[in-house]
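Just so you know, these numbers come straight off a predicted model, no measurement behind them.
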Amino acid sequence: MTAPAAHRPLDNTGIILPAAFRAFRTLQEPAYRAYTDAHTFPEDTGLLLGLAFGELAAHWSVIMRRPDPTAYAWDLFAATIHHHTTRLRLSTAGPLQYEIVVLHYLAGYNINRTSEATGRSSDKVRHLLRTWHPRPISPPHPSGPAGQL
């Protein structure tokens with residue numbers, strides 16, 4: 001007798017992921033992909049997204065013990081993405097505001113979906129969007145290190 005299809009490993013590693021993780025990934029993957037897309041070339045998104053979800057799977061038991069598992073998972077996901085990419089040139093008050101601005105303005109997610117993806121309340125998301133004041137970021141001064149020959 002074989003195991004039901006839902007419990008078979010997705011690859012040849014033999015690792016069977018918990019049903020809760022598989023459900024979480026199904027729910028969050030579109031927003032996580034959109035965030036990753038904003039930081040990579042299209043051909044690199046799948047690999048980086050797989051790496052980030054691998055980190056989440058490796059820490060799943062810790063994530064599930066947290067009082068705010070979605071927020072903790074988002075923070076771990078975002079840290080993984082930023083470890084392998086460069087942040088966009090956005091002036092923000094902090095990392096969470098940056099992440100929310102990217103999801104809302106670049107990926108086109110509304111406040112409720114941004115809240116669901118990041119695990120933050122819609123009031124928090126709304127506040128961070130309302131207090132974001134985009135400022136042009138000036139290029140390096142020509143006499144600085146980048147402008148020296």
Side-chain angles (χ1 to χ4, degrees), residues 6-11 13 15-147:
H7 297 292
R8 288 189 184 143
L10 298 177
D11 56 27
T13 63
I15 297 171
I16 299 173
L17 299 171
F21 177 81
R22 294 191 315 266
F24 175 84
R25 182 173 181 157
T26 298
L27 178 67
Q28 299 294 18
E29 188 163 357
Y32 282 33
R33 178 175 294 281
Y35 189 82
T36 305
D37 282 342
H39 294 89
T40 62
F41 293 109
E43 62 271 12
D44 297 330
T45 295
L47 181 62
L48 187 53
L49 193 60
L51 180 66
F53 274 111
E55 282 293 312
L56 295 178
H59 294 92
W60 189 248
S61 62
V62 173
I63 291 168
M64 293 309 296
R65 287 193 302 263
R66 297 288 303 204
D68 55 350
T70 304
Y72 189 80
W74 173 264
D75 292 345
L76 182 57
F77 162 78
T80 301
I81 297 303
H82 295 298
H83 180 74
H84 296 283
T85 64
T86 303
R87 289 182 188 256
L88 304 173
R89 292 181 54 112
L90 297 171
S91 67
T92 58
L96 183 58
Q97 186 177 47
Y98 170 89
E99 295 156 10
I100 286 172
V101 165
V102 169
L103 275 177
H104 184 71
Y105 288 111
L106 297 180
Y109 280 87
N110 66 29
I111 289 172
N112 288 334
R113 186 60 186 112
T114 300
S115 169
E116 291 168 1
T118 62
R120 275 33 183 232
S121 72
S122 55
D123 288 338
K124 175 81 169 178
V125 170
R126 194 174 291 108
H127 169 75
L128 289 171
L129 291 172
R130 190 178 313 123
T131 59
W132 181 57
H133 303 290
R135 296 179 297 278
I137 297 176
S138 58
H141 191 277
S143 65

Check your understanding: Hey, what do you get for NZ (K124) to CD1 (I100), rounding to the nearest 0.5 Å?
Key -> 7.5 Å
Review point. At what distance, to the nearest 0.5 angstrom, does OG of S91 lie from CD of Q97?
Key: 8.5 Å
Point to revise | For the student: nearest non-hydrogen atoms of P69 and I63, plus distance | key: CB-O, 3.3 Å
Exercise for review: Return each pair, listed once, that meets salt bridge (charged side-chain N to carboxylate O under 4.0 Å, His left out) where at least one residue sits in residues 41-61; pairs must be two or more places apart or across chains.
Suggested key: none
**Study point:** Ionic contact status for R66 with D75, cut-off 4.0 Å
**Key:** no
**Study point:** A31 versus A117, closest heavy-atom pair with distance
**Key:** CB-CB, 3.7 Å
Study note, to complete from the structure: Taken to the nearest 0.5 Å, the spacing of H104 NE2 from W132 CH2 works out to 9.5 Å
Point to revise | H82 ring center within less than 6.0 Å of Y98 ring center | key: yes
Practice item. Side-chain contact test, heavy atoms from C-beta onward, threshold under 4.5 Å: evaluate it for T118 versus L103 and give yes or no. Key: yes
Exercise for review: Could you tell me the separation between the CG atom of L49 and the OH atom of Y35, rounded to the nearest 0.5 Å?
Suggested key: 13.0 Å
Review point. Side-chain contact, heavy-atom cut-off 4.5 Å: L48 with H39?
Key: no
Check your understanding: Among pairs that include at least one residue of residues 105-116, which meet side chain to side chain donor-acceptor pair (under 3.5 Å), considering only residues two or more places apart or in two chains?
Key -> Q28-R113
Check your understanding: At their closest point, which heavy atom of I81 faces which heavy atom of T85, and how far apart are they?
Key -> O-OG1, 2.8 Å
Practice item. Go through H127 and T131 one step at a time and tell me if the side-chain contact (heavy atoms from CB on, under 4.5 Å) criterion holds. Key: CA-CA 6 Å; H127 169 75; T131 59; 3.4 Å; yes
Check your understanding: If you take all heavy atoms of V102 and A38, which pair is closest and at what distance?
Key -> CG1-CB, 3.8 Å
Revision key, fill the gap. F21 and A57 have their tightest heavy-atom pair at CE1-N, 3.6 Å
Review point. For H84, does the NE2 atom have more than 12 heavy-atom neighbours from other residues, nucleotides or ligands under 6.0 Å away?
Key: yes
Check your understanding: In this structure, which one of D123, L129, L128 forms a side chain to side chain contact (heavy atoms under 4.5 Å, CB included) with V125?
Key -> L129
Point to revise | Nearest-0.5 Å distance that lies between atom OG1 in T36 and atom CD in E29 | key: 9.0 Å
**Study point:** Atom pair CZ/NE2 of R65 and H59 - distance to nearest 0.5 Å
**Key:** 11.0 Å
Practice item. Report yes if some heavy atom in the side chain of W60 is under 4.5 Å from a heavy atom in the side chain of L17; otherwise report no. Key: no
Check your understanding: Can you tell if the side chain of Y32 reaches within under 4.5 Å of the side chain of L56, non-hydrogen atoms only?
Key -> yes
Study note, to complete from the structure: In terms of heavy-atom contacts, A52 and F77 come closest through CB-CD1, 3.5 Å
